[in-house]
Amino acid sequence: MIRLQNACVRYGEVVALRGVSMHVQPGDRLALVGTNGSGKSTLLRALHGLIDLSQGRREVQGWGPSAQGPAMAMLFQKPFLLNLSVQANLQLALWLRGVPRSLRATRVQEALEKAHLTDCAHRFARALSGGQQQRLALARAWATRPDLLFLDEPTASLDPGAKREVERLITEFAAEGVTVVMSTHNLGQVKRLATRVAYLEAGQVKVDCDVDAFFNGPLPPEAAQFMRGELI
Ligand code: ADP
Ligand code: MG
């Protein structure tokens with residue numbers, strides 16, 4: 001769906017990605033792991049096309065009937081919700097994506113049910129708990145029918161119960177055929193959700209393999225240290 005070739009990203013003096021070549025295939029559930037500052041968020045943004053590459057190329061495969069490339073959505077660690085009702089946040093996202101009015105009400109209901117938020121439809125989104133807000137943000141992304149969903153540490157600030165609920169949603173969306181690329185610090189979450197893992201170190205992808213190989217196979221020294229919890 002997306003391919004980066006020798007991608008470099010700089011923020012002024014800081015080089016955040018150094019010559020990354022990787023691809024995202026349909027059906028992937030790809031987890032990006034690595035220490036803080038290793039470049040996970042930057043790689044998500046680069047794959048999504050939200051930032052310019054200072055070197056290298058980003059290619060998008062034709063997709064769907066119009067061959068315009070995959071529909072994409074991104075979710076951040078802190079959900080970005082408008083100071084409106086839960087329902088209005090969903091409606092607005094659908095309107096912005098050009099979903100016809102006749103389809104919007106049904107899509108909103110589906111999204112509310114999916115996220116177990118039907119009872120909260122008329123509450124202010126920002127008054128919900130952290131876990132409910134993240135579920136809303138996920139359901140809002142899902143309601144726009146993305147082919148490809150990017151998640152940047154989607155459960156980092158949640159308690160265990162809320163984490164499980166968000167993981168349930170991610171699993172359901174992936175089972176419906178949404179391709180998922182997510183960054184996470186949580187290796188348990190990688191085991192539960194991912195089919196493929198990319199390990200980053202100082203802006204480079206050092207390991208890119210399927211999840212079994214990542215947990216059972218030999219790894220380069222720093223990746224092994226990361227796995228043992230010796231690097232943060
Ligand atoms: P991660 O998500 O793995 O923690 P990031 O992609 O956020 O890593 O950051 C990679 C590197 O780029 C880090 O050194 C970070 O400090 C730097 N960086 C990230 N965003 C910016 C920015 N907006 N301006 C300057 N430096 C940044
Ligand atoms: Mg990050």
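No hydrogens, no waters, no symmetry mates; every other heavy atom, side chains included, goes into these values. Each ligand, and each atom within it, is numbered from 1 in the order the structure gives.
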Q: Under 2.8 Å from the Mg ion (ligand 2), can any N, O or S atom of T42 be found?
A: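 Looking at T42, which is the residue asked about, there is no N, O or S atom under 2.8 Å from the Mg ion (ligand 2).
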Q: Of the non-hydrogen atoms in I170 and P154, which two are nearest, and what is the gap between them?
A: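 Here I170 and P154 meet closest at CD1-CG, 4.1 Å.
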Q: What residue pairs, at least two apart or across chains, pass ring pair (Phe, Tyr, Trp, His ring centres under 6.0 Å) with a residue in residues 3-35?
A: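 Residue pairs passing ring pair (Phe, Tyr, Trp, His ring centres under 6.0 Å), neighbours aside: none found.
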Q: Does a donor on one side chain and an acceptor on the other come within less than 3.5 Å for W142 and E172?
A: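 Checked: W142/E172 side chains show no N/O donor-acceptor pair below 3.5 Å.
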Q: So, D152 and K40, do they make that salt bridge, N to O below 4.0 Å?
A: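 Not counted as a salt bridge, because no side-chain N and carboxylate O are separated by less than 4.0 Å.
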Q: Between the side chains of R29 and E167, is the shortest nitrogen-to-carboxylate-oxygen separation below 4.0 Å, so that they form an ion pair?
A: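 Salt bridge between E167 and R29, a charged N being under 4.0 Å from a carboxylate O: no.
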Q: Write down, by chain and number, every protein residue that brings a non-hydrogen atom to less than 4.0 Å from an atom of ligand 1.
A: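 Within the 4.0 Å shell of ligand 1, which is judged on heavy atoms, sit Y11, V14, A16, T35, N36, G37, S38, G39, K40, S41, T42.
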Q: Determine, stepwise, if the pair L43 / L17 fulfils side chain to side chain contact (heavy atoms under 4.5 Å, CB included).
A: CA-CA 7 Å; L43 179 53; L17 284 190; 4.1 Å; yes
